[in-house]
K.L.:
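Take this structure first; my questions come after.
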Amino acid sequence: MRKKIVAGNWKMNLDQTAGKKLITEIIGHAQNIPSDVTLVVSPPFPHLGYVKKLLIGNVFLGAQNCSDQPSGAFTGEVSAPILESFGVDYVILGHSERREYFQETDEQLATKVNQALASELRPIFCCGESLAQREAGNFVELVTTQITNGLFHLSPQQFSEVVLAYEPIWAIGTGVTASSAQAQEMHYALRQHIAKKYGDTMADNLTILYGGSCKPSNARELFACPDVDGGLIGGASLKAEDFIAIAKSY
Ligand code: PEP
């Protein structure tokens with residue numbers, strides 16, 4: 001049975017006061033979402049400690065990144081073991097902003113995935129194509145290659161801990177959402193790709209989130225796609241009302 005997840009990515013937003021207000025509002029409404037939907041909130045690192053203390057039942061803690069090293073002289077980095085010690089459950093890896101602005105490569109992401117899994121963090125592994133790549137027509141191959149390079153070294157047991165997030169770069173923060181047909185096409189292709197490597201049962205059980213300008217007005221249609229199992233939400237996760245409304249769209 002696939003897990004349905006609605007995960008918020010706060011990115012580099014909200015000071016402590018605003019973060020406390022947002023998480024308090026989210027928790028205040030979390031009982032109203034369907035019991036089979038898991039919420040994940042992924043604040044900037046300094047918020048992790050107090051957010052963890054406020055979480056209840058179906059709300060879990062995510063980080064937005066982790067180091068590819070377990071410890072040591074890497075100023076400014078945060079390792080998976082440190083995140084684990086703060087009670088972090090999930091870690092977003094391979095977000096297009098990390099790939100673009102911090103030159104994260106597939107090889108480095110594969111190492112980060114290993115670090116996350118060694119600390120019992122579940123990776124939310126992002127993949128997606130740019131507009132130019134979509135227009136060039138070979139976007140399915142491009143995105144499945146990101147999965148092969150970042151994840152296919154994992155054992156089946158390790159792979160079963162992974163959550164995928166398909167995030168077309170042209171839809172992130174732009175207000176332009178993939179149509180449900182475009183999302184379903186890619187999610188189906190990803191599941192087929194995974195089935196070839198890990199078998200049908202693994203592919204069927206894998207949670208694949210859609211991300212890219214998902215909001216209350218389009219979540220229901222996207223989540224109705226047979227291969228879409230929830231969303232990775234950026235901008236709309238910064239308003240409790242919108243985030244909860246998205247989670248209620250199942
Ligand atoms: C994201 O950055 O993961 C994202 C989906 O952003 P937005 O919802 O703002 O498009």
Side-chain angles (χ1 to χ4, degrees), residues 4-14 18-19 22 26 33 37-45 47 60-66 88-104 109 112-113 116 121-131 133-134 139 142-143 146-147 150 162-180 182-184 186-187 190 207-223 225 227-250:
K4 296 173 184 172
I5 299 176
V6 173
N9 175 8
W10 296 6
K11 308 196 185 185
M12 198 173 70
N13 293 299
L14 308 183
L22 178 59
I26 290 172
I33 67 163
V37 176
T38 294
L39 285 186
V40 178
V41 288
S42 313
F45 291 134
H47 296 257
F60 291 82
L61 187 59
Q64 298 173 20
N65 183 29
C66 74
V88 173
D89 307 292
Y90 291 84
V91 59
I92 299 169
L93 293 175
H95 192 282
S96 59
E97 289 153 14
R98 300 287 322 168
R99 291 178 189 262
E100 184 182 350
Y101 305 141
F102 301 93
Q103 288 80 46
E104 292 192 358
L109 289 170
K112 290 188 177 206
V113 167
L121 305 176
R122 298 191 64 182
I124 300 178
F125 189 84
C126 303
C127 56
E129 81 287 357
S130 67
L131 188 57
Q133 290 165 336
R134 176 159 279 263
F139 53 94
L142 238 140
V143 173
Q146 291 173 339
I147 300 303
V162 172
V163 172
L164 283 192
Y166 168 56
E167 299 209 304
I169 299 168
W170 46 272
I172 295 178
T174 58
V176 179
T177 317
S179 67
S180 52
Q182 287 170 321
Q184 171 57 24
M186 183 62 84
H187 284 225
L190 286 168
T207 296
I208 310 181
L209 310 180
Y210 167 78
S213 298
C214 184
K215 40 191 181 245
S217 58
N218 58 29
R220 192 172 298 279
E221 196 185 334
L222 287 161
F223 295 174
C225 298
D227 287 300
V228 175
D229 309 308
L232 179 54
I233 319 295
S237 75
L238 298 174
K239 269 184 79 182
E241 197 187 337
D242 287 353
F243 188 53
I244 294 293
I246 291 170
K248 280 179 165 173
S249 297
Y250 265 114

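By convention here, the first residue in the shown sequence is residue 1. Numbering of ligands and ligand atoms starts at 1, following listing order.
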K.L.:
List the closest protein heavy-atom neighbour of atom 2 (O) of ligand 1: residue, atom name, distance to the nearest 0.1 Å.
P.N.:
Lys11 NZ, 2.5 Å
K.L.:
Got a second to check how far Leu142's CG is from Arg134's CZ, nearest 0.5 Å?
P.N.:
11.0 Å
K.L.:
Would Lys4 and Phe223 count as a cation-pi pair here, with the cationic atom under 6.0 angstrom from the ring centre and within 45° of the axis?
P.N.:
no
K.L.:
At a 4.0 Å threshold, what atoms of ligand 1 neighbour a non-hydrogen atom of Gly212?
P.N.:
5 (C), 10 (O)
K.L.:
Among all protein non-hydrogen atoms, which one is nearest to atom 8 (O) of ligand 1, and what is the separation to 0.1 Å?
P.N.:
Gly234 N, 2.9 Å
K.L.:
For the NZ atom on Lys11, are there more than 12 heavy atoms of other groups (residues, nucleotides or ligands in this structure) within a distance under 6.0 Å?
P.N.:
yes
K.L.:
Give the contacting part of Ala171 toward ligand 1: side chain, backbone, both or neither, where contact means a heavy-atom distance below 4.0 Å.
P.N.:
backbone
K.L.:
Name the orientation class of the two ring planes belonging to Tyr210 and His187 (parallel below 30°, tilted from 30 to 60°, perpendicular beyond 60°).
P.N.:
tilted
K.L.:
Quick one: nearest non-hydrogen protein atom to atom 1 (C) of ligand 1, plus distance?
P.N.:
His95 NE2, 3.2 Å
K.L.:
How far is atom 3 (O) of ligand 1 from its nearest protein heavy atom, and which residue and atom name does that atom have?
P.N.:
Glu167 OE2, 2.7 Å
K.L.:
For the backbone of Ile5 and the side chain of Thr38, can you confirm whether one donor and one acceptor N or O come within less than 3.5 Å of each other?
P.N.:
no
K.L.:
Taking only heavy atoms of Ile172, which atoms of ligand 1 are found under 4.0 Å from at least one of them?
P.N.:
1 (C), 2 (O), 4 (C), 6 (O), 10 (O)
K.L.:
Hey, mind stepping through Ile172 and His95 against side-chain contact (heavy atoms from CB on, under 4.5 Å) and telling me if it holds?
P.N.:
CA-CA 10 Å; Ile172 295 178; His95 192 282; 4.2 Å; yes
K.L.:
Can you find an N or O of Gly235 that's nearer than 3.5 Å to an N or O of ligand 1?
P.N.:
yes
K.L.:
Are any of the N/O atoms on Gly173, whether in the backbone or the side chain, positioned under 3.5 angstrom from an N/O atom of ligand 1?
P.N.:
yes
K.L.:
Take Ile147 and Phe125 through the test side-chain contact (heavy atoms from CB on, under 4.5 Å) and record every step on the way to the result.
P.N.:
CA-CA 8 Å; Ile147 300 303; Phe125 189 84; 4.0 Å; yes
